[in-house]
Novice: 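This is the structure I have questions about; it appears just below.
No experiment lies behind these values; they were computed from the predicted model shown. Here is the naming used below: chain letters follow the sequence lines, and residue numbers restart at 1 for every chain.
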There are 2 protein chains.
Amino acid sequence: MELSNTRTKLIRTAMLLFWENGYHATSIADVLKKAKVNSGSLYHFFPGKSDLLAAVLDLYHDGIRQMLLEPPSAGLADPLQKIFAVLGRYRRSLLETDCFYCSPIGSLALELRDPDERVRVRLAKNLRAWTDVIDDCLQQSKLRIPAEVNRRELAQFVLTVMEGGVMQARTFRDVAYFDGAVRQLRHYFACLARGGSKRLMRRARIPARIVRKKAKSRIAP
Amino acid sequence: MELSNTRTKLIRTAMLLFWENGYHATSIADVLKKAKVNSGSLYHFFPGKSDLLAAVLDLYHDGIRQMLLEPPSAGLADPLQKIFAVLGRYRRSLLETDCFYCSPIGSLALELRDPDERVRVRLAKNLRAWTDVIDDCLQQSKLRIPAEVNRRELAQFVLTVMEGGVMQARTFRDVAYFDGAVRQLRHYFACLARGGSKRLMRRARIPARIVRKKAKSRIAP
DNA sequence: GTCTATACCCTGATAGAC
DNA sequence: GTCTATCAGGGTATAGAC
């Protein structure tokens with residue numbers, strides 16, 4: 001087990017650049033230059049660029065709980081507050097970057113149309129780990145989740161809202177779009193706290209009839 | 001005013017390819033080949049690739065209502081059902097592509113980290129037009145939106161959920177993640193319909209035992 | 001407006017000495 | 001493991017005749 005310093009330096013540098021500029025826009029040369037490493041060394045450790053990306057995703061995954069949850073929720077006791085503290089951290093990142101911020105994993109997931117399976121699996125693993133963090137908070141919280149709402153699905157919904165909110169804030173260059181999404185989520189949570197209704201959820205299935213239509217037509221946004 | 005056929009052909013071809021393969025992965029050569037047009041013609045109409053993209057975004061925008069709302073909601077009277085019919089259409093696209101589907105605008109918005117302003121503005125304009133469609137449905141619907149919920153923000157929230165849901169379904173290659181997001185959204189709507197504020201809840205004659213619960217998770221702004 | 005040919009750059013990746 | 005030099009290919013964009 002060789003704890004190569006060069007290897008680590010490459011991964012950390014790539015992690016930073018992929019996050020700042022995206023995967024496509026970051027060339028191998030960029031990584032080499034910033035890490036002050038030569039081409040030969042990189043290809044000694046990694047067969048190709050996508051293997052470097054895979055290593056970056058593994059690094060994200062290993063540190064996700066520590067990086068995602070702990071800093072923003074330090075000192076907070078209420079698990080629900082922790083969830084919104086995590087979201088608040090994304091908000092701060094948006095502010096600090098004039099709404100250029102991208103969530104590292106989400107933007108990679110959408111930038112790479114057809115990643116090789118090794119990469120795709122790691123992206124999914126990261127999203128799952130993110131959701132785990134939220135799910136734990138929900139479990140520890142005193143929020144009485146109505147029987148008809150699945151807790152894990154609700155945790156996934158938090159991720160959904162975060163990613164969608166960041167995307168809009170970024171596109172409009174206005175954090176208000178993120179704030180609006182979070183506010184709706186808060187309101188939803190407030191509704192849940194007040195109590196849901198089984199009767200109302202019965203219609204919540206995706207109606208089969210929507211699938212009926214002919215294939216092919218294009219869809220906007 | 002020259003209604004150039006070649007120009008239109010280029011835009012439509014680029015629209016299709018950008019959507020299928022993304023902007024980066026689509027080369028000018030790809031567009032030229034598929035449209036059976038020569039390089040000189042393209043650069044006669046467009047100074048560069050990003051101008052072609054801008055034209056594509058304008059085309060999306062012009063047809064958004066027709067392409068987004070009308071096909072899936074044909075025959076539906078209830079505006080709320082129309083909203084979920086639109087979402088159902090995205091679901092169908094996911095199914096038909098084995099969850100490779102990307103929403104055209106959303107994925108462009110995230111693929112292009114730093115688009116020139118002309119492109120960025122058009123992306124925003126498209127998202128706004130999408131939201132307008134949903135907003136109109138909400139306005140026409142009989143859904144009683146509680147006073148503390150802004151209607152336009154709720155429409156934006158639908159977009160947020162759609163984009164976030166598509167992203168997760170795509171990454172996990174499993175439409176269940178999209179379904180879960182939509183189900184949560186439905187549930188939220190059901191909560192709103194029941195009355196998101198105490199006043200409305202009382203009007204809806206919700207038994208006191210449900211209302212009783214303290215707004216404990218009143219996750220403050 | 002359309003055609004062919006091509007300039008020129010940057011990319012990921014390799015070769016082979018040390 | 002690290003270094004320098006370099007390849008082959010594909011990218012956008014241009015030139016200039018027709």
Novice: Which ones in residues 34-55 of chain B lie close to DNA chain D, meaning a heavy atom under 4.0 Å from one of its atoms?
Specialist: B:S39, B:Y43, B:G48, B:K49

Novice: According to salt bridge (Lys or Arg N to Asp or Glu O under 4.0 Å), does anything in residues 43-64 of chain A pair up with another residue at least two apart or in another chain? List the pairs.
Specialist: A:D51-A:R118, A:D58-A:R122

Novice: With sequence neighbours left out, write down each residue that passes side chain to side chain donor-acceptor pair (under 3.5 Å) with A:N150, or none if nothing qualifies.
Specialist: none

Novice: Check salt bridge (Lys or Arg N to Asp or Glu O under 4.0 Å) between B:R128 and all other residues, then give those that pass, not counting sequence neighbours.
Specialist: none

Novice: Could you state the atom-to-atom distance from CG of A:N5 to C1' of D:dG1 in whole Å?
Specialist: 13 Å

Novice: Check B:L52 against B:L42 and note the closest heavy-atom contact, atom names and distance.
Specialist: CD2-CD1, 4.3 Å

Novice: Which residues pass the ring pair (Phe, Tyr, Trp, His ring centres under 6.0 Å) test with A:Y60, not counting sequence neighbours?
Specialist: none

Novice: Using only side-chain N and O atoms of B:T6, determine if any of them is under 4.0 Å from OP1 or OP2 of C:dG1.
Specialist: no

Novice: Rounded to whole angstrom units, what separation is found between the CG atom of B:L32 and the C1' atom of C:dA5?
Specialist: 14 Å

Novice: How close or far is atom P of D:dT12 from atom CD1 of B:I28, stated in whole angstroms?
Specialist: 5 Å

Novice: Taking only residues two or more places apart in sequence, or in another chain, which ones meet A:Y43 in a ring pair (Phe, Tyr, Trp, His ring centres under 6.0 Å)?
Specialist: none

Novice: Side chains of residues 101-113 of chain A: which donor-acceptor partners sit under 3.5 Å, not counting sequence neighbours?
Specialist:
residue : atom : partner : partner atom : Å
A:S103  : OG   : A:G106  : N            : 3.1
A:S103  : OG   : A:E163  : OE1          : 3.0
A:S103  : OG   : A:E163  : OE2          : 2.9
A:S107  : OG   : A:S103  : O            : 2.8
A:S107  : OG   : A:P104  : O            : 3.4
A:S107  : OG   : B:R113  : NH2          : 3.2
A:E111  : OE1  : A:Y23   : N            : 3.0
A:E111  : OE2  : A:Y23   : N            : 3.0
A:E111  : OE2  : A:H24   : N            : 2.8
A:R113  : NH1  : B:W19   : O            : 2.9
A:R113  : NH2  : B:S107  : OG           : 3.2

Novice: So, using ring pair (Phe, Tyr, Trp, His ring centres under 6.0 Å) as the criterion, who are the partners of B:F45 when residues are at least two apart?
Specialist: none

Novice: Once side chain to side chain donor-acceptor pair (under 3.5 Å) is applied, do any residues pair with A:N126, and if so which ones, sequence neighbours excluded?
Specialist: none

Novice: Excluding sequence neighbours, so at least two apart, what forms salt bridge (Lys or Arg N to Asp or Glu O under 4.0 Å) with A:D179?
Specialist: A:R91

Novice: Would you tabulate the nitrogen or oxygen pairs shorter than 3.5 Å linking the protein to nucleotides 7-10 of chain D?
Specialist:
none

Novice: So if I take residues 17-25 of chain A and measure heavy-atom distances to DNA chain D, which residues fall below 4.0 Å?
Specialist: none

